[in-house]
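One structure is given here, and the rest of the page talks about it.
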Amino acid sequence: MPELPEVEYTARQLRASVVGATIREALVFWERTISHPAVPDFLAEVAGRRIEGVRRRGKFLLMDLSGDLFLSIHRRMTGNFLLLPAGWSLDMSLKDLDAALWSTKGPLFTFDPASGLSYSHELRYCRVCFIFEDGRCLLFTDPRKFGKVGLWGRALEQEALHGLGPEPFSEDFSLAHFTAALSGRRTNIKQLLLDQTVVAGVGNIYADEALFYASLHPTRRADSLSDAEIALLHKGIVEVLTRGIEHGGTSFNDYRDLWGEAGENFNHVHVYHQDGKPCSRCGTLIERMVIGQRSAHFCPHCQPAPLLATIPLASE
DNA sequence: AATGCTACCTGCAGGC
DNA sequence: TGCCTGCAGGTAGCAT
């Protein structure tokens, strides 16, 4: 599941490889992947544009194009990018491309046989393909079809990002902002961390890791946190995201980098999908529970469950 | 205004 | 072996 570190990592890879390239044409294999504008307009407008820059905003990947346009890509659950070298996309149907890669995958990429990654598998789920003038081909693959690709005028960035909150590494994500965002919120802290208007880019993995960092139980009511707890959580969010980027992202199921390789942050998580394993801090077995229809992982010793004391007094 | 629930999708694990 | 059920999770949109 790509969250901020995974998107950041991909953005850096794309910046180093496709900035300066010109899109000859795009192909769309699943129309609902295109969120804006209508598919015919998307195809017509993207052709001939030069990629001038690659940015990340929250979990959005933004590619600035010539003519004051930009592409917004949100990978949601299973979206991935794969960059194919020149020579494979020209005049080939996707099926031919798939067959070619399948039979000669050796020289194309370095690739861990133990991972069992199949290029055929990736190509089968190609939803949008950008073919560059130099013959390279950037694929957006997405088995679950939740991912979105949009093309926008530069002036519509706010609309494209739809109320996204502050970047965790920017000054906008200040302790004062975070404190204000928690104030008066009766919802549990886990769900609040997943709210992209509070802080942009945190998903299920890093929300659980940040709560472990701050020794907070996921069901704690947001408005029950002390100033010290808020400060520690604020620090924890930045810390776990930073570590995630340093480790090249967390590969749990579907996440792969631009060349089809897996990130290694999964070797560094403390609680996410670690239920039944001993806590790295105290040895207590990590537990899993469902909060708001999604899983939360925590150490029951380090992150004690809230009791009556966490309910604000009537006088407050 | 804040919160809760569901649709969107498909692969896969688990049960029988 | 094969079918069926449920789960995974980010976000929009709708209901409360």
Side-chain angles (χ1 to χ4, degrees), chain A residues 1-8 10 28-36 56-62 72-81 115-118 120-128 140-150 152 158-165 168 180-211 218-224 237 241 244 249-256 265-266 269 271-276 288-298 312:
Chain A
M1 300 122 249
E3 301 179 27
L4 186 150
E6 291 74 36
V7 180
E8 176 63 29
T10 303
V28 173
F29 300 98
W30 184 254
E31 299 209 346
R32 297 185 66 173
T33 297
I34 306 300
S35 61
H36 181 274
R56 179 197 56 74
R57 181 77 172 84
K59 301 174 196 172
F60 284 92
L61 188 87
L62 305 176
S72 68
I73 298 115
H74 199 302
R75 294 152 68 182
R76 297 281 180 95
M77 309 297 302
T78 56
N80 265 324
F81 287 98
S115 74
L117 178 65
S118 150
S120 189
H121 177 87
E122 287 284 335
L123 291 171
R124 179 177 159 199
Y125 301 116
C126 179
R127 306 305 178 197
V128 182
F140 178 68
T141 64
D142 185 20
R144 299 276 291 278
K145 299 177 176 174
F146 286 174
K148 296 293 174 196
V149 175
W152 310 80
Q158 292 306 315
E159 185 183 333
L161 299 178
H162 202 83
L164 206 57
L182 268 58
S183 169
R185 296 294 298 268
R186 302 166 60 88
T187 194
N188 61 73
I189 189 63
K190 171 65 190 285
Q191 284 185 284
L192 189 130
L193 288 182
L194 299 176
D195 182 342
Q196 299 300 296
T197 67
V198 172
V199 53
V202 174
N204 216 28
I205 298 173
Y206 296 98
D208 281 359
E209 293 300 313
L211 288 170
T219 62
R220 286 284 300 277
R221 257 176 61 163
D223 61 3
S224 77
I237 290 167
L241 292 174
T250 303
S251 291
F252 184 60
N253 283 325
D254 303 284
Y255 172 69
R256 296 288 185 277
N265 194 52
F266 194 59
V269 299
V271 290
Y272 186 73
H273 273 247
Q274 302 301 303
D275 37 315
R288 173 185 179 277
M289 67 182 297
V290 175
I291 302 172
Q293 284 96 262
R294 64 189 48 136
S295 63
H297 312 80
F298 62 98

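Everything numeric in this text was worked out from a predicted model, so none of it was measured. Naming convention: chains lettered A, B, ... in sequence-line order (proteins, then strands); numbering from 1 in each chain.
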Does [X] place a side-chain N or O at less than 4.0 Å from the phosphate oxygens OP1/OP2 of [N]?
| X | N | value |
| --- | --- | --- |
| Q196(A) | dT11(C) | yes |
| H74(A) | dG10(C) | no |
| K148(A) | dT11(C) | no |
| R186(A) | dA1(B) | no |
| R32(A) | dC9(B) | yes |

Which one, dG10(C), dT10(B), dG4(B), comes nearest to the side chain of E3(A)? dG10(C)

So if I take every side-chain heavy atom of Y125(A) and compare against dG10(C), dC9(B), dT10(B), which nucleotide ends up nearest? dT10(B)

Quick one: are T10(A) and R75(A) in side-chain contact, heavy atoms under 4.5 Å?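 Sidechains of R75(A) and T10(A): in contact.
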
Under the criterion salt bridge (Lys or Arg N to Asp or Glu O under 4.0 Å), which of R57(A), K59(A), R56(A) is the partner of E8(A)?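 The passing option is R56(A).
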
Distance check needed: [N] [atom2] versus [X] [atom1], whole Å only.
| X | N | atom1 | atom2 | result |
| --- | --- | --- | --- | --- |
| D223(A) | dA2(B) | CG | P | 12 Å |
| H273(A) | dA13(B) | NE2 | P | 13 Å |
| F60(A) | dG10(C) | CZ | P | 14 Å |
| Q293(A) | dT3(B) | CD | P | 15 Å |
| N188(A) | dT3(B) | CG | C1' | 11 Å |
| E159(A) | dA12(C) | CD | P | 12 Å |
| Y206(A) | dG10(C) | OH | C1' | 15 Å |
| R76(A) | dC8(B) | CZ | P | 13 Å |

Using the P atom in both, what is the distance from dC3(C) to dC9(B), to the nearest Å?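 After rounding to an integer number of Å, I get 25 Å for this pair.
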
Is there a donor-acceptor pair under 3.5 Å between the side chain of E209(A) and the backbone N or O of V269(A)?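 Pair absent, no side-chain N/O of E209(A) close to backbone of V269(A).
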
Can you name the one residue among Q191(A), R186(A), R185(A) that meets side-chain hydrogen bond (donor to acceptor under 3.5 Å, both in side chains) with N188(A)? Q191(A)

When the ring planes of H36(A) and W152(A) are compared, do they come out parallel, tilted or perpendicular, using 30° and 60° as the limits? parallel

Residue whose closest nucleotide on DNA chain C lies nearer the 5' end, V290(A) versus R294(A): V290(A)

Between F146(A) and G184(A), just flag the one whose closest nucleotide in DNA chain B comes earlier from the 5' side.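 Upstream on the strand: G184(A).
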
